[in-house]
There are 2 protein chains.
Amino acid sequence: MNKRVTIKDVAREAGVSIATISYVVNKKEGVREETAEKVSAAIKKLNYIPDLSARSLVSNRSNLIGVVIPQTEEDKELMLKNPFYSEFLSAVEYNLRKNNFQLIISGTNIDKGYLDMVVERNMDGIIVVGMYPDEFFEDLKKANIPTVLVDSYCKDHYFHSVQINDRYGAYIATKYLIENGHENIGIVTGKIKTGGVASERYLGYKDALKEFDIPIIEKNVFEGNVDFEFGIQVAKQISKNKELTVVFAIADILALGLIKGLKSVGINIPEDISVIGFDDIYISKIFDLGLTTVKQDIYKKGQKAAEIVMKSIFEKSKTKQEIVLPVEIVIRETVKKRIK
Amino acid sequence: MNKRVTIKDVAREAGVSIATISYVVNKKEGVREETAEKVSAAIKKLNYIPDLSARSLVSNRSNLIGVVIPQTEEDKELMLKNPFYSEFLSAVEYNLRKNNFQLIISGTNIDKGYLDMVVERNMDGIIVVGMYPDEFFEDLKKANIPTVLVDSYCKDHYFHSVQINDRYGAYIATKYLIENGHENIGIVTGKIKTGGVASERYLGYKDALKEFDIPIIEKNVFEGNVDFEFGIQVAKQISKNKELTVVFAIADILALGLIKGLKSVGINIPEDISVIGFDDIYISKIFDLGLTTVKQDIYKKGQKAAEIVMKSIFEKSKTKQEIVLPVEIVIRETVKKRIK
DNA sequence: TTCACATTTCTAAACGTTTAAGTTTGTTTG
DNA sequence: CAAACAAACTTAAACGTTTAGAAATGTGAA
């Protein structure tokens, strides 16, 4: 391993004390222009690169942001194959990098426990995306560092948050279906009881049905995982339910799986059954049919999360931010108008 | 901010010196069983979490692996929207996490220069995916830490590497097309001159054509970016070229864009034109047609990269590893047998 | 009991920074 | 010209670990 150039080497080269080097490096005032130049020259000449471990040790600043991403149930791999999360991550990384922060991605399921990692690494902030058990959030509170929750539906409104109005989005989606003549509306969703995004969207679905006095039929509700596989899997059941004229999949990835599965059993979209999704993930463009869906701005979600966490680090002001980003329906090709 | 529990606190609690605590924490021998238990009890009681910054400072070990991912040309966002990279990243993260390493993802385009970041953070290892300018690799050499290149086609075989035989993969793909009666074979590819994955796959394409004495026609080569948009874009040109019976897209993401574009101008796949891809990305399942493609094991690529970098960190043995993973053709629905 | 030696524990320096407090130097003012 | 003050710079402690090497303790043989 190469010998490291330290602040001492620079001090010797520039003929000043190490404190002065530190002041110059950190752009603090009280250093004469002339001295600063001498120091800068020495830094350049020796190619001095400060050691962030040392800095972190004394100043408790690491320039590291933890990003918590949901994990698959089976093997606890991060859900990075799910386009929603990779799009989100990309946005977060991009906006954090601009301000010289790096991110450490991870699930909550590490042997130590997440809080330990935060403390170990002196993380400056945390961005959490998705739902987790209450104890997890309790732990985060203890860490007492700037934290932004994204789509977490944490009962405790202690943290900053950015999210969308999932319930409303699902409501307008369902309403749109009803207004297009559909009455037998299925829903494919994740676990409803958990009180997260899936539950909220389910509630929005019910809101719309109630508003139009359409009964909520239990066998029209298909509950499982929010992933492509479940979409495919559920298609078989749906194909048996002849009354259904449309299905609301609470996430695009589900909708895509569903359509794939439906087609494979000879059902045409939207002629035989209509499908509407939620999220407007980038990758759904791949699909041959334009997916009608509720659009949310995933990039902006990541950007906001990054901005808030950084702001919260720099400013002492503890004004909590709870941002709700807008949603809108995007009409493409997978929902057919139905004439009664 | 909370007061940190340090090794001193534990030492006081357990009634031993801080050195002993350190030995216990790091599982070094020479500590009596009895003492170790006393220490463990104290650690648990106080909830002691070692400070990795401090550890890194003295031991030069950070448990941090840098992962370099290509960036988009325009705005330098990481290419995480490209499913190949997110799949790869997921695999790397999963395998690194098992051994208690965290990763810091980044592009090469950070104001400091990548090497600076490596030094700043005392990174233990680096995984690079994709092609970069020679100077970048020269820089990495200077860093002198375990490094694994993935799909980098670095002329200098100084580093560990994991890749596939891209040329051969493209060769068997093209050969498969020829054997199915195709003679006018288009290719949609990235920049050919750069000498990376795109070039290699282009070479494999030429290899097969040569073997069967089929002339290489310049206007059958469509060069652009390796992304979904270019696939769509190029469809128009391809649709004008009436002789083409099949197109080899050197990446699935291109193939998917291409098919989408082709369909939008009324061309049916595979009836009018066949398409073959490369990579077998997970997300292509979404597509309604099964994409015939050259399969590589992206998960294993990430796994191997992670394993090699960790092995290289732990063992002093400097035996260089250059791993080439197998490829195989996966026949699905997008290539039609052509009867002459 | 004493000595030699092995085992366990401790002391203290080192890692590379930041920063409060102190010192020096320079400038202004009565 | 000295006093007062501001500006620029330095000293030294602190951050929380690891790890040689020293010290203490324990064990067994003569």
Side-chain angles (χ1 to χ4, degrees), chain A residues 1-40 42-43 46-64 116-124, chain B residues 1-40 42-43 46-64 116-124:
Chain A
M1 203 64 71
N2 317 333
K3 189 82 198 71
R4 187 172 193 113
V5 176
T6 74
I7 203 169
K8 278 187 200 158
D9 302 320
V10 181
R12 201 176 310 116
E13 173 74 28
V16 296
S17 74
I18 61 166
T20 303
I21 309 296
S22 177
Y23 293 140
V24 172
V25 168
N26 295 296
K27 299 190 178 56
K28 305 227 168 162
E29 49 200 51
V31 178
R32 224 188 317 157
E33 185 73 18
E34 196 190 321
T35 319
E37 273 163 21
K38 228 168 34 180
V39 170
S40 299
I43 288 176
L46 301 182
N47 187 28
Y48 165 65
I49 301 160
D51 185 316
L52 294 192
S53 301
R55 175 179 295 172
S56 162
L57 184 58
V58 30
S59 71
N60 283 315
R61 283 281 317 277
S62 63
N63 272 43
L64 243 29
D116 288 24
M117 194 171 96
V118 170
V119 177
E120 265 184 357
R121 295 244 180 241
N122 285 299
M123 287 185 182
D124 292 339
Chain B
M1 203 66 71
N2 316 334
K3 189 80 198 76
R4 190 177 190 109
V5 176
T6 74
I7 202 170
K8 279 187 199 157
D9 302 321
V10 182
R12 199 176 312 118
E13 174 73 28
V16 296
S17 74
I18 62 167
T20 304
I21 309 295
S22 178
Y23 294 139
V24 172
V25 169
N26 296 295
K27 300 190 176 58
K28 305 226 169 165
E29 48 201 51
V31 179
R32 220 183 326 153
E33 185 72 20
E34 198 190 322
T35 318
E37 272 162 22
K38 226 169 34 179
V39 170
S40 298
I43 288 177
L46 301 182
N47 187 29
Y48 166 66
I49 301 160
D51 185 317
L52 294 192
S53 301
R55 174 179 295 172
S56 161
L57 186 58
V58 29
S59 70
N60 283 315
R61 284 279 320 276
S62 62
N63 272 43
L64 243 28
D116 288 24
M117 194 171 96
V118 171
V119 176
E120 267 183 358
R121 296 246 181 242
N122 285 301
M123 288 186 179
D124 292 340

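Letters A, B, ... are given to chains in the order of the sequence lines, protein chains preceding strands, and every chain is numbered from 1.
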task: Report the residues that fulfil side-chain contact (heavy atoms from CB on, under 4.5 Å) with B/Asn60, sequence neighbours left out, ordered by chain and then residue number.
output: B/Asn122
statement: Atom CG of B/Leu52 and atom C1' of D/dT18 are separated, to the nearest Å, by 13 Å
message: Counting C-beta onward and ignoring hydrogens, is there a side-chain heavy-atom pair between B/Val5 and B/Asn47 closer than 4.5 Å?
response: no
Those residues that, when tested against B/Arg55, pass side chain to side chain donor-acceptor pair (under 3.5 Å) (two or more places apart): none
task: Rounded to the nearest 0.5 Å, what's the gap from CE on B/Met117 to CG on A/Asn63? Could you check?
output: 11.5 Å
message: By the 4.0 Å heavy-atom rule, please label B/Ser22 as base, sugar-phosphate, or nothing.
response: base
Donor-acceptor contacts under 3.5 Å from residues 26-39 of chain A side chains, at least two apart:
from, atom 1, to, atom 2, distance (Å)
A/Asn26, ND2, A/Ser22, O, 2.8
A/Asn26, ND2, A/Ser22, OG, 3.3

task: With sequence neighbours left out, write down each residue that passes side-chain contact (heavy atoms from CB on, under 4.5 Å) with A/Val118, or none if nothing qualifies.
output: A/Tyr114, A/Met123, A/Ile126, A/Ala143, A/Ile145
message: Rounded to whole Å, how long is the line connecting atom NZ of A/Lys8 with atom P of D/dT11?
response: 13 Å
message: What residues from residues 10-18 of chain A pass a heavy-atom cutoff of under 4.0 Å to DNA chain D?
response: A/Val16, A/Ser17
task: Would you kindly give the CZ-to-C1' distance between B/Arg4 and D/dA14, to the nearest whole Å?
output: 15 Å
- request: Could you pick out which residue, B/Ser59 or A/Gly30, lies toward the 5' side of DNA chain D when each is mapped onto its nearest nucleotide?
  value: A/Gly30
message: I need the minimum non-hydrogen distance between A/Ile21 and A/Ala14, along with the two atoms involved.
response: CD1-CB, 4.5 Å
message: To check you understand the geometry: which heavy-atom pair defines the closest contact between B/Tyr48 and B/Val25, and what is its length?
response: CE2-CG2, 4.0 Å
statement: Taken to the nearest whole Å, NZ/A/Lys38 to C1'/D/dA8 is 11 Å
- request: Just call it for A/Ile21: base, sugar-phosphate, or nothing, with non-hydrogen atoms closer than 4.0 Å on any strand.
  value: nothing
Contact list (N/O, under 3.5 angstrom) for nucleotides 20-26 of chain C vs protein:
from, atom 1, to, atom 2, distance (Å)
C/dA20, N6, A/Tyr23, OH, 3.2

- prompt: Taking atom C1' of D/dG16 as reference, at what distance in whole Å does atom CZ of B/Arg61 sit?
  reply: 18 Å
message: Any heavy-atom pair between the side chains of A/Asp51 and A/Thr6 that's under 4.5 Å?
response: no
query: Base, sugar-phosphate alone, or nothing: which one does B/Val31 contact when heavy atoms must sit under 4.0 Å apart?
result: sugar-phosphate
query: Which part of the nucleic acid, if any, lies within contact of B/Lys28, taking any heavy atom under 4.0 Å across all strands shown: a base, the sugar-phosphate backbone alone, or nothing?
result: sugar-phosphate
message: My understanding is that only residues two or more places apart in sequence, or in another chain, count here; which of them pass side chain to side chain donor-acceptor pair (under 3.5 Å) with B/Ser17?
response: B/Thr20
statement: B/Glu120 atom CD is separated from C/dT17 atom P, nearest whole Å, by 11 Å
query: If you find the nucleotide of DNA chain C closest to B/Val58 and the one closest to B/Glu33, which residue's nucleotide is nearer the 5' end?
result: B/Glu33
query: Just how large is the angle between the end axes of the helix from C/dT1-D/dA30 to C/dG30-D/dC1, five pairs per end, to 10 degrees?
result: 60°
message: Using a 4.0 Å heavy-atom cut-off, does B/Asn26 contact any base of the nucleic acid, only the sugar-phosphate backbone, or nothing at all?
response: sugar-phosphate
query: For A/Arg121 and D/dG16, what is the distance between atoms CZ and P respectively, to the nearest whole Å?
result: 17 Å
- request: Sort and list the pairs that fulfil salt bridge (Lys or Arg N to Asp or Glu O under 4.0 Å) and have at least one residue in residues 6-26 of chain A, not counting sequence neighbours.
  value: A/Asp9-A/Arg12, A/Glu13-A/Lys45
field: Any donor-acceptor N/O pair, A/Arg121 side chain to A/Ser62 backbone, under 3.5 Å
entry: no
task: Mind calculating the distance between CD1 (B/Ile7) and P (C/dC15) to the nearest angstrom?
output: 18 Å
- prompt: The side chain of B/Thr35 lies closest to which of these nucleotides: C/dT9, C/dT17, C/dT19?
  reply: C/dT9
